[in-house]
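To start, the structure under review is shown below, and the notes come after it.
When a ligand or atom number is given, it counts from 1 through the structure's own listing order. Just so it is clear, the structure is predicted and the values come from calculations on it, not from any experiment.
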Amino acid sequence: MSFTLHGIPVSRGIAIGRAYLIAPAALDVDHYLIEPTQIEGEVERFRAAQQHVHRELDTLRADLAADAPSEMGAFINVHSMILNDAMLVQETIDLIRTRRYNVEWALTEQLERLSRHFDDIEDEYLRERKADIEQVVERVLKALAGASTALNGVHGACDEMIVVAHDIAPADMMQFKTQTFQGFVTDLGGRTSHTAIVARSLGIPAAVGVQHASALIRQDDLIIVDGDHGIVIVDPAPIVLEEYSYRQSEKALEQRKLQRLKFSPTQTLCGTRIELCANIELPDDARAAVDSGATGVGLFRTEFLFMNHKDRLPEEEEQFAAYRRAAELMNGLPVTIRTIDVGADKPLDSMGGGDGYETAANPALGLRAIRWSLSEPQMFLTQLRAILRASVFGTVKILIPMLAHAQEIDQTLDLIREAKRQLDDAGIAYDPNIQVGAMIEIPAAAIALPLFLKRLDFLSIGTNDLIQYTLAIDRADNAVAHLYDPLHPAVLHLIAFTLREAKRAGVPVSVCGEMAGDPALTRLLLGMGLTEFSMHPSQILVVKQEVLRSHLKTLEKPVADVLASFEPEEVQAALKLVALA
Ligand code: PEP
Ligand code: MG
């Protein structure tokens with residue numbers, strides 16, 4: 001019987017194949033109390049399983065293909081660190097010793113506690129790191145059960161398979177690549193989960209958050225994954241299959257055609273040059289940026305570097321090396337390094353941040369991003385010095401997240417001056433004219449734009465947070481996800497206003513939120529005056545195609561009509577005309 005499931009689209013494209021079900025997480029374990037004399041043996045059993053998983057991860061790391069996305073190595077490292085983390089290891093051992101739980105029970109109990117803690121974290125990215133801990137625990141449980149990990153059973157699967165799982169560890173994704181799977185579907189996950197990030201970089205059509213998919217879909221069921229819309233069609237009717245096969249071949253053709261655009265200059269039909277830059281998370285991602293034809297890095301999310309350090313923040317030298325590497329890989333093209341954008345996750349807490357983040361009633365409105373950096377001036381100065389030092393190895397810019405107040409901007413600029421002074425004293429070189437910009441991602445910042453225009457060299461609109469804060473929709477809360485609307489008139493007005501005022505003041509402005517990488521919105525943004533986009537490298541060519549087909553003059557009227565519309569139907573009708581212009 002044919003039926004359709006809906007989830008979150010995370011990686012574009014259409015996959016048609018047979019379902020390959022991976023057993024659900026082995027979290028349903030035996031619970032029993034052990035005798036006092038068995039305690040040390042039980043701890044030893046845990047240690048042995050931990051070592052086994054370490055070896056598994058080492059093998060995964062060693063087997064990484066040279067062209068594997070750089071995130072892969074980082075994810076495996078994160079899992080290795082989780083596997084050593086005292087919160088997981090020591091607490092589990094304590095439960096074995098003090099409560100006499102068997103190791104499986106102790107481990108799942110500790111996972112439960114950590115999960116509750118993670119559920120309270122506002123930041124969507126960090127919240128989703130819960131999945132990494134679950135995946136590590138799952139590996140340990142499998143090692144305890146003497147079973148192979150989920151992926152070991154997959155070898156030899158044929159290339160028309162679509163993986164269906166409750167959840168997938170990012171580290172396992174690269175094995176999917178070598179196994180040439182067509183796509184994947186998971187019950188869990190969100191747009192910014194590691195698994196989603198990796199899927200996008202591998203270019204595998206994927207839908208996550210397809211609730212109960214692994215329970216409803218049976219082994220070998222014929223399924224279609226529509227990664228553009230997050231739809232999974234199980235046992236499709238012949239006519240539906242035919243339609244999707246057709247769409248699939250059309251897309252393959254489009255992809256091949258897109259490659260031809262790689263070396264052509266990005267300009268509109270009327271000859272306006274448009275910059276398409278890349279968003280990166282790790283220095284080596286700069287390679288993908290260059291390969292995709294990006295003309296710079298518009299957003300380097302440095303919090304990824306910080307998150308990989310559970311017990312300490314990266315030293316200045318380590319940060320400097322990372323920023324310098326990105327600058328060198330970009331070979332003179334601009335690299336916009338955003339200072340740490342995080343509230344408080346475990347690694348930062350363990351540095352004694354004392355930020356009260358965990359107990360904040362509304363962490364999204366709490367001590368995050370620049371607010372946190374300003375409350376930790378030594379940490380912030382360390383990062384600023386590292387960025388400044390990297391500036392002699394390329395064209396580096398500093399981008400500050402979540403600014404809203406004049407005094408925050410002024411304090412930040414004071415600290416940048418202080419970092420420069422410290423480097424001067426030490427006789428260390430940096431670019432004295434380094435540009436400093438602000439993310440416009442809080443509505444107050446957009447509305448009070450003159451504060452920013454006067455003080456900063458450039459602006460970058462972070463639409464992800466701008467939407468969250470304008471519409472009062474928690475990015476991380478599924479219950480209100482349907483209200484997260486980039487086309488809400490209030491959002492469009494703030495973006496249009498920011499673009500217009502920045503242009504008038506002669507201050508360069510870009511968009512680096514997800515809207516910039518959505519080809520359906522390219523013309524709208526162009527029509528609002530945007531000339532610099534920054535997005536995941538995989539989106540660059542498809543956005544470029546839209547740019548090449550656009551004529552700014554003909555977009556003026558339809559885009560003005562979109563901005564003059566308030567009723568949703570009017571907005572939609574006006575948008576259709578933008579697409580046709
Ligand atoms: C944004 O908010 O749009 C943005 C680019 O930053 P992040 O997604 O990292 O919050
Ligand atoms: Mg943001």
Side-chain angles (χ1 to χ4, degrees), residues 8 10 71 121-129 190-194 196-197 200 276-282 285 289 294 296-307 335-345 348 357 363-373 397-404 408 437-446 452 458-477 481 484-488 490-492 494-495 498-499 509-518 521 525 530 532-537 539 543:
I8 302 168
V10 293
E71 290 100 330
I121 293 179
E122 176 276 339
D123 185 284
E124 185 179 2
Y125 179 84
L126 294 178
R127 217 169 64 120
E128 286 176 0
R129 300 293 65 78
R191 259 174 237 281
T192 60
S193 67
H194 271 147
I197 293 168
R200 271 197 287 276
L276 300 184
C277 296
N279 292 352
I280 66 170
E281 279 84 38
L282 294 168
D285 294 343
V297 168
L299 172 64
F300 179 173
R301 289 179 161 106
T302 59
E303 52 274 13
F304 278 70
L305 298 172
F306 287 73
M307 283 159 47
V335 179
T336 311
I337 302 179
R338 184 174 73 183
T339 59
I340 184 167
D341 182 359
V342 71
D345 62 347
L348 302 181
Y357 181 86
L365 308 179
L367 199 62
R368 328 180 26 189
I370 189 60
R371 303 169 181 185
W372 188 80
S373 295
K397 303 184 198 179
I398 301 176
L399 178 61
I400 311 294
M402 296 271 299
L403 286 165
E408 285 174 321
M439 296 280 293
I440 301 297
E441 52 186 347
I442 298 180
F452 290 74
F458 68 97
L459 305 176
S460 187
I461 305 176
T463 52
N464 306 339
D465 276 317
L466 189 63
I467 297 166
Q468 154 162 274
Y469 293 119
T470 304
L471 302 181
I473 301 300
D474 185 341
R475 267 164 92 168
D477 189 345
Y484 190 90
D485 180 12
L487 296 174
H488 189 290
V491 173
L492 296 182
L494 287 174
I495 297 172
T498 304
L499 292 173
V509 58
S510 66
V511 171
C512 65
E514 291 298 298
M515 283 178 79
D518 183 346
L521 301 176
L525 292 170
L530 183 68
E532 190 178 324
F533 296 63
S534 193
M535 66 200 78
H536 190 278
Q539 292 304 104
V543 169

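If you take CG on Leu299 and SG on Cys277, they are separated by 10.5 Å, rounding to the nearest 0.5 Å. Taking OG1 from Thr302 and CD1 from Ile337, the interatomic distance works out to 8.0 Å, rounded to the nearest 0.5 Å. The OG1 atom of Thr336 sits 11.5 Å away from the CZ atom of Phe300 when rounded to the nearest 0.5 Å. Summarising the geometry, atom CD1 belonging to Ile467 is positioned 5.5 Å from atom CE belonging to Met515; distances are rounded to the nearest 0.5 Å. Here CG of Asp465 is found 12.5 Å from CD1 of Ile440. Values are rounded to the nearest 0.5 Å.
In summary, the side chains of Ser510 and Ser534 do not present any donor paired with an acceptor at a separation below 3.5 Å, with no hydrogens or angles considered.
In terms of protein heavy atoms, atom 6 (O) of ligand 1 is closest to Arg338 NH1, 3.0 Å. The protein heavy atom nearest to atom 7 (P) of ligand 1 is Arg301 NH2, 3.5 Å.
Counting heavy atoms under 4.0 Å from ligand 1, residue Glu514 does not touch it at all.
Atoms of ligand 1 found under 4.0 Å from any heavy atom of Met439 (numbered from 1 in listed order, with element): 4 (C), 5 (C), 6 (O). Proximity to Leu299 (heavy-atom distance under 4.0 Å) selects the following atoms of ligand 1: 5 (C). Of all the atoms in ligand 1, the ones that sit under 4.0 Å from a non-hydrogen atom of Cys512 are 5 (C).
When distances from the Mg ion (ligand 2) to the N, O or S atoms of Glu441 are compared, OE1 comes out shortest.
Polar contact check, Thr463 against ligand 1: a nitrogen or oxygen pair lies under 3.5 Å apart.
Which of Ile467, Leu466, Asn464, Asp465 comes nearest to atom 10 (O) of ligand 1 through a heavy atom is settled by distance: it is Asp465.
By the 4.0 Å N-to-carboxylate-O rule, Arg301 lies too far from Asp341 to be salt-bridged with it.
At a threshold of 2.8 Å, the Mg ion (ligand 2) has a backbone or side-chain N, O or S atom of Asp465 nearer than that distance.
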